[in-house]
Visitor: 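Below is one structure. I have some questions about it.
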Amino acid sequence: MEKKFQKLGSWLIRRPWPLIACLAVMTVFLGWRLSLSRFDNSNDIWLNEANSAMGRLTGFRELFGNEDFIYLVFDGQDFFAPKTVALLAELAEDLATNLPFVKNVRWLGNAEYLEGQDGSLIVASFFDLVGRGLSRAELVERILAEKIYLHLFFDEQAEVIAMSVDFEPYPADVIDPAAQIRQALSRVLAAPEYQDLNVKVVGPPILSDIYNDLSYSEALKFLLLGLLIMTIILSYLGRSLKAAFVPLFIIIISLIWSFGLTELLGYDLNVFVILLPVLLCCSTVGVSTHIIDIYRQNRRLGQPDGQALVEAMGRSGAPCLITALTTAAGFLSFLTSDIPPCRDMGVYAAIGVMTAYVLSVILVALFYAPRRNSRSASGAKRIRRYDAFDGLMTWIYRLNMAGRRLILTLFAGIFILAFYGYSRVETESNTIGMLSPSLPLRQAYDFVDERIGGTMSVELIFDSQLAEGIKEPAFLERMERLRAFLEGRPEVTRTISVIDLLKNIGQALHDGDPAYWTLPKTRASAAQYLLLYELADGRELDKLISFDGQKARLTARAKSMDTRQVRVLTEAIETEVGRVFGDPAQVTLTGGLDWTRSMNDQMARGQRQTFTSAFITLTLIMSIAMRSLKTGLLSLAPNVVPVLATIGLAGSLGLYIDIPLLSFSPIIIGLIIDDTTHFLYRFREVFLDTGSYALSLKRTLATVGRPLLFTTLTVVGAFSFLLWSNLSGVWKFGGLGVVAFILAIVADFTLLPAILLTFKPFGPDRATEPLTPPLTAAIK
Amino acid sequence: MVAYARVALRAFLLRAPLVGLLAVGFIGLFMSTSLVAQAGRDIALKWDAVDNSQSSSFKATMTIKRGGQSLVRTMDIKRQKDPNSEKQLIVFLEPPDTRGTSYLTWAYRDHQKDDDMWVFLPAESLTRRIAGGARKGPFARGDYALEDIFRREVDEDNWELLGEVNLAGADCHALKATPLDSKATGYSKRLLWIRKDINLPTKVEYYGPKDKLLKTLVLGDFKNIQGIWLPLRQRMAAQGTDSVTTLDLTEVVFNQTFPADLFLSQNLKR
């Protein structure tokens with residue numbers, strides 16, 4: 001293997017210009033493809049088509065259309081002053097005209113108002129009342145009495161009012177409807193006349209598009225910051241600008257290639273893309289730093305440029321290939337996940353890692369290839385000055401030789417504690433909770449939660465199992481019981497259903513007598529109430545009952561909840577459904593809360609599946625690379641412990657696993673195993689040469705210990721920037737990643753040697769330690 | 001002063017041909033626009049005059065198909081024209097739960113005056129006058145809007161003759177109707193193709209805000225009954241959805257004599 005990589009190295013440095021030309025062409029082509037990349041962070045992407053929740057949502061859409069909406073909330077003004085009413089009416093008109101895919105815009109100004117008076121049924125909008133000469137106080141009183149719009153279009157004091165925009169189903173050929181909607185909305189709201197309206201906007205298209213923007217801007221921000229910190233650390237630690245510049249150049253080219261290839265393969269990007277640049281930085285730095293470091297060691301031993309490079313390629317080629325494979329395998333383990341964006345991310349991140357590996361090998365060879373006119377003759381041996389890092393390696397060596405049993409005991413304790421913490425960790429799928437409280441969108445969601453009805457909802461679809469069956473009084477009575485149950489729950493702010501409509505019609509038909517706020521007594525009455533409503537220009541029926549009158553919908557609005565609360569509420573609803581309907585098949589739960597719960601179950605399952613499959617795949621790769629199952633298994637210990645300990649720490653601190661953190665275990669294990677691979681590979685190489693475990697440890701620490709430490713410091717630096725993310729999942733990923741990398745390097749320098757010295761996986765010691773072997777001069 | 005007048009005269013003489021040309025152009029444009037509008041209105045009036053009956057009676061079956069589901073509504077419809085209004089009584093026959101529900105409308109020729117509507121619910125034995133509805137919503141959950149089933153006066157729209165086309169073998173006038181009062185209708189314009197031979201539309205396209213096509217009505221199965229041409233079949237398809245509503249007319253009788261009190265709200269209970 002070493003010879004093959006040496007051959008590759010010498011082939012690469014003999015043909016620089018054709019290679020450079022090929023790389024340039026490919027980079028331009030993939031850069032163009034990169035510019036065509038699409039982001040998709042809509043809710044739909046997270047549940048696979050086979051998921052029952054997705055099936056329920058699809059069924060809901062077939063009956064009632066697109067469930068997307070945006071909600072504009074206004075406060076701090078006198079909304080009943082004629083001037084403000086006119087302005088809001090103008091805004092509603094502007095939204096209806098200028099937003100794409102709009103089905104309707106509803107607010108108090110055009111909300112249906114049914115009133116029975118002197119044998120007439122008056123169908124009007126609320127603000128038609130303004131023209132009737134009512135005083136402001138009377139108008140507010142009338143509005144507050146209209147319960148069907150409370151918490152929908154106004155709050156309990158009528159101080160906050162809302163405008164709701166519903167959408168038609170998005171055409172299949174529209175690439176990014178959320179972006180189109182948000183852009184059009186921004187244009188409308190930017191008009192000078194609306195600047196005094198204190199408006200907050202929430203809703204799935206806005207959330208999705210802001211997530212897209214955050215994904216893009218944070219990916220770019222963290223890439224730049226990552227590159228900056230890497231430049232500083234690598235140039236300081238390597239004491240060479242070139243040693244810093246080359247990995248950075250490779251990272252940039254790798255990113256262009258990776259994203260270009262991702263687009264070429266037809267994948268959309270999502271919130272995970274924020275992490276990808278940082279992850280690729282880690283992977284690239286690992287490969288290029290190792291090759292460069294061995295090259296520089298060879299140079300210090302007096303080898304000419306070309307030979308030093310070819311030998312460095314030979315020695316590092318195979319372990320670097322294994323590290324790239326293990327990292328890619330970590331990402332590919334996402335293919336076992338039920339969550340489509342995780343699977344996609346697994347594929348494009350794996351492509352990225354392998355691309356970074358190939359480019360690292362080629363570009364390091366090209367950058368360090370001897371110049372035609374340069375001095376490439378061998379020089380005198382140069383012994384590097386003994387520094388603090390060498391001191392640290394010496395201390396680590398001595399610690400391992402003296403206290404390996406203590407180390408093993410200590411890590412066994414950590415493992416037990418970590419496992420306990422891991423079992424306590426909970427998942428969280430509320431995407432709004434992932435937004436930083438400092439973001440205006442999060443503040444808007446919090447405001448809506450606090451003042452006007454909440455931002456979450458559960459949809460109940462009642463199936464009478466007969467055409468026109470929902471008009472049966474017994475069926476309506478059962479729906480009413482469930483409605484009353486939901487309105488009695490503290491989490492639910494209000495319900496919307498045909499029940500309210502029928503009662504409203506009943507009362508209006510009887511001259512507004514509150515005694516008639518009841519359900520119709522006969523099926524014919526119910527059918528005729530609804531026909532009357534249609535003939536009176538009522539337009540809400542399609543949102544409330546299915547076309548054939550077999551199914552009815554009940555929407556329960558709720559304040560934002562965490563997944564545990566969602567689970568409590570949905571289980572309570574299911575129990576009540578069983579009690580009221582007997583046959584649970586008659587009621588289907590769907591909508592936002594159902595999505596959150598199903599997503600959460602899927603995430604918990606995905607977390608276990610991906611970690612298990614990453615563990616199995618990595619064991620296989622390491623066993624093949626080390627030609628021993630025992631070594632493969634032992635090599636996993638210093639990697640599993642840090643990951644479990646970090647997740648366990650999160651569990652103990654009460655940090656939830658949310659969407660970005662879902663990918664934590666496989667990604668981190670795939671990255672930290674790189675250090676173990678370099679360590680083991682070098683250790684095995686020296687052991688086969690010397691037959692001594694102690695000497696192998698000493699030489700391994702002297703040669704690969706230093707680059708391992710440098711790459712870890714660099715990666716920790718890059719990860720620490722994620723702490724500044726506006727998405728909680730991403731900053732938790734950054735913080736926990738830093739902990740995991742530090743624990744991993746500690747485990748590689750202590751647990752791994754302790755395991756090797758204790759279990760002797762390469763066979764028994766064949767020699768005693770020689771006095772001062774050449775490469776261990778740095779370790780005293 | 002004389003010099004000034006001379007300069008002004010010279011300037012006028014120099015520019016006169018150009019001004020004259022422009023004036024002729026503007027007048028020509030104005031006249032041709034007026035002629036196009038006049039021609040359009042004339043065609044619309046001819047269409048309006050096709051049904052010269054004083055009354056009519058027919059059975060209408062409205063079949064709405066949407067997403068694999070269908071809903072059938074059968075109605076008995078009677079119409080009577082007065083000098084000032086057109087009265088219409090729709091009695092629902094199907095579905096059975098709505099049988100006997102009656103919808104009485106008085107549409108006034110004076111389009112400044114709001115139409116009157118009453119509904120009778122047999123299950124509750126109640127008649128209620130409906131006030132305030134904008135009539136832009138769907139009629140009986142189909143793809144027709146309430147306003148589509150009301151009589152619309154010719155002079156509620158601006159008419160423009162767009163040209164002559166052959167549509168499915170029939171020579172047609174292509175017309176554009178733009179509402180005079182845009183607030184009173186859900187449509188920004190309608191495009192109509194009116195058959196030259198029988199002066200009836202064979203296709204109508206309805207446009208909403210930003211001139212977005214909302215739905216298309218195709219009329220067919222034209223028959224001459226008692227000397228009056230009418231389409232016995234209509235198909236309204238909403239744009240961008242799978243929703244289609246067909247309307248089939250049967251048992252058509254013109255100039256029938258109805259009881260004098262048939263179109264009175266007080267008598268709906270009967």
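In what follows, chains are A, B, ... by sequence order, proteins preceding strands, each numbered from 1. Note that these values count all heavy atoms, side chains included, but never hydrogens, waters or copies made by symmetry.
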Visitor: Quick one: what part of A:Leu541 sits under 4.5 Å from any heavy atom of chain B, side chain, backbone, both or neither?
Guide: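 For A:Leu541, the contact with chain B is made by backbone and side chain together.
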Visitor: So what's closer than 4.5 Å to chain A heavy atoms on B:Ser70: side chain, backbone, both or neither?
Guide: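 Just the backbone, heavy atoms under 4.5 Å.
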Visitor: Measure from the side-chain N and O atoms of A:Ser464 to the backbone N and O of A:Gln550, and report whether any donor-acceptor pair falls under 3.5 Å.
Guide: yes
Visitor: So, using ring-ring contact (aromatic ring centres under 6.0 Å, His included) as the criterion, who are the partners of B:Phe263 when residues are at least two apart?
Guide: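 Applying ring-ring contact (aromatic ring centres under 6.0 Å, His included) to B:Phe263 gives B:Phe258.
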Visitor: Can you name the residues of residues 89-100 of chain B that have some heavy atom under 4.5 Å away from a heavy atom in chain A?
Guide: B:Phe92, B:Asp97, B:Thr98, B:Arg99
Visitor: If you count heavy-atom pairs under 4.5 Å with chain B, which of A:Thr522, A:Val102, A:Asn98 comes out on top?
Guide: A:Asn98
Visitor: If contact means a heavy atom pair closer than 4.5 Å, which residues of residues 71-87 of chain B contact chain A?
Guide: B:Leu71, B:Arg73
Visitor: Does B:Asn255 use its side chain to pair, donor to acceptor, with the backbone of B:Gln54 at less than 3.5 Å?
Guide: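 Yes, because the side chain of B:Asn255 sits within donor-acceptor range (under 3.5 Å) of the backbone of B:Gln54.
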Visitor: So, do A:Phe101 and A:Tyr170 have ring centers that fall under 6.0 Å from each other?
Guide: yes
Visitor: Does either side chain, that of B:Glu160 or that of B:Thr178, offer a donor lying less than 3.5 Å from an acceptor on the other one?
Guide: no
Visitor: Would you please indicate yes or no on a ring centroid separation below 6.0 angstrom for B:Tyr206 and B:Tyr187?
Guide: yes
Visitor: Using 4.0 Å as the upper bound for N to carboxylate O, is an ion pair formed by A:Arg106 and A:Glu540?
Guide: yes
Visitor: Select, from A:Ala526, A:Ala467, A:Ser525, the one with the greatest count of heavy-atom pairs under 4.5 Å involving chain B.
Guide: A:Ser525
Visitor: Name the region of B:Leu126, side chain, backbone, both or neither, that has any atom closer than 4.5 Å to a heavy atom of chain A.
Guide: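 Contact with chain A involves the side chain of B:Leu126 alone.
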Visitor: Is there a side-chain contact (heavy atoms from CB on, under 4.5 Å) between B:Arg66 and A:Asp542 once you walk through the steps?
Guide: CA-CA 12 Å; B:Arg66 197 172 294 165; A:Asp542 278 345; 3.6 Å; yes
Visitor: Under a 4.5 Å heavy-atom cut-off, does chain B meet the side chain of A:Leu530, its backbone, both or neither?
Guide: neither
Visitor: Whether the side chain of A:Ser546 engages the backbone of A:Lys551 through a donor-acceptor N/O pair (distance < 3.5 Å, no angle test) should be reported.
Guide: yes
Visitor: Among B:Gln234, B:Arg233, B:Lys59, find the residue that satisfies the side chain to side chain donor-acceptor pair (under 3.5 Å) test when tested with B:Asp248.
Guide: B:Arg233
Visitor: If the condition is salt bridge (Lys or Arg N to Asp or Glu O under 4.0 Å), which residues does A:Lys103 pass it with, not counting sequence neighbours?
Guide: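 So A:Lys103 forms no salt bridge (Lys or Arg N to Asp or Glu O under 4.0 Å) with any residue.
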Visitor: Is the side chain of B:Arg128 donor-acceptor paired with the backbone N or O of A:Leu509 at a distance under 3.5 Å, no angle test?
Guide: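 Here the side-chain-to-backbone pair exists.
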